[in-house]
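Heavy-atom basis, side chains included; hydrogens, waters and symmetry copies ignored.
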Amino acid sequence: MNTEEKDKQAPCQTQGIHILAKPIGPACNLNCDYCFYLEKRALFGSQKTFKMSDKVLRTFISEYISAQPTPVVEFVWQGGEPTLPGVDFFRRVVEIQRHFAGAKTVTNSIQTNGTLLTDEWCAFLKKHNFMVGISLDGPEKIHDQYRKDRSGKGSFDRVMRGLKLLQKHHVDYNVMACVARETAKHPLKVYGFFKEQNIEFIQFSPVVERLPDAVSKKHGLRLAGPAVLDGKNESADVTSWSVIPEEYGDFLIGIYEEWVRHDVGKTFVMNFEWALNAWLGNPSPVCIHAKQCGRSLVIEHNGDVFACDHSVYPEYRIGNILSDRVMDMVERSISSGFGVSKESALPNWCLECDVLRACRGGCPKHRFETTLFGESGLQYLCAGYRKFFLHIRKYLRAIAQLLENGLPASYVMKAVNGPLVIKLDNKTEGRN
């Protein structure tokens, strides 16, 4: 092996990888309006069951643990609805992980709609230290607008029952809230509701989907796949439930203004944590705002592996866990257009933007817009991201100064709500 080949392989050998597992594929007991994954059933023909076989499960767990170059191996289980295989399936998961863990530490997270949680489920999740992400968009009227079951009924009451069970059993959890078009109009209703429910950890995820193009229609799908980076996307038309860019920015700003005055250190909004992280010059912990992507793969129930959760299409299949090495598939993912091209394909509009280090061009799936100068590859949410990041800079600057001086970030609330006087190196310093 020559030096150049060693250099190419070094990043994968030293950086961690992430594989999102779909133990039940696209199967789900709900039928949310904005879900981009339910339609993936069409890719599997007349297949009636989507439960991951024991062979695939065992191979995935052993290969993933073996390939992970870091001492901690994080398993994330998602769907569809990943609780559909039942508690016994995950008892088997823990058993296999224990067998192959060796000296490595294994952790588990599961993203669920919460409607199927029971006391038995929650006791298991607590016993084995699962982190649970529960999907909840806000108070009943807002949540039920998009998150319905197959009969068209809202799922709010069932989700709340699941949330209360998690709290009852003291299971570690956070809330994933999707921000669709109508949701974005009610930032303080959403945030206020979460605080009323004593929810401490929240992540907001914008809903953006394009109307079908020729490729998706060929597969029998109703939504378009990832944007192509050469500017040849058929359409930039989005669905009726996709969030409006500037309204998404206003949504985040509205909540940030409330949070920075009352809840710093008490409520943790992941979107705000990411922004501060970028301000401090640290690498992004999430692929959306990372310089490059390609190390966050997804494995389907049948063992097929794809470049990411948004690229489960035949064109983006990079192998199967039963026949391909994990690190080989990571290399294919990086070279398939989801790696360095996330950074190299940015239009000049982004490269010259003063919030680039926070945004990094967003998710490549949504780069189907053009700039004012006709450049392709602009992220659909650009206007919203830019508005939000520019608005909060003054707060990020203040929080960074506090942290640099060994002071709690929560002191920013005193600065925002009135004059702040702090003592630094035996000197009194006042700030507005």
Does the separation of the ring centres of [X] and [Y] fall below 6.0 angstrom?
X	Y	result
Trp241	Tyr146	no
Tyr385	His289	yes
Trp77	Phe130	no
Tyr316	Phe306	no
Phe204	Tyr248	no

Stacked cation flag [X] on [Y], 6.0 angstrom / 45 deg:
X	Y	result
Lys365	Phe36	yes
Lys40	Tyr37	yes
Arg210	Phe368	yes

Please determine, by modelled atom types, if [X] and [Y] share a side-chain donor-acceptor pair under 3.5 angstrom.
X	Y	value
Thr239	Ser242	yes
His391	Glu257	yes
Ser135	Gln111	yes
His301	Gln47	yes
Tyr191	Asp263	yes

Next on the checklist: Using a strict threshold of under 4.0 Å (side-chain N to carboxylate O), is an ion pair present between Lys387 and Glu246?
Outcome noted: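 So Glu246 pairs with Lys387 through a salt bridge.
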
Checklist entry - Between the main-chain N or O of Gly362 and the side-chain N or O of Lys342, is there a donor-acceptor pair closer than 3.5 Å? => result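 Yes; at least one donor-acceptor contact below 3.5 Å.
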
Next on the checklist: Can a donor-acceptor pair be found, under 3.5 Å and without considering hydrogens, that links the side chain of Arg317 to the backbone of Val305?
Outcome noted: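 The answer is no, because no donor-acceptor pair under 3.5 Å joins these two groups.
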
Item to check | side chain to side chain contact (heavy atoms under 4.5 Å, CB included) partner of Ile96, chosen from Leu57, Thr59, Ile65 | outcome: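 Passing option: Leu57.
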
Item to check | Approximate separation, where rounding is to 0.5 Å, of Leu117 CG and Thr83 OG1 | outcome: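 Answer for the CG-OG1 pair, Leu117 versus Thr83, is 6.0 Å.
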
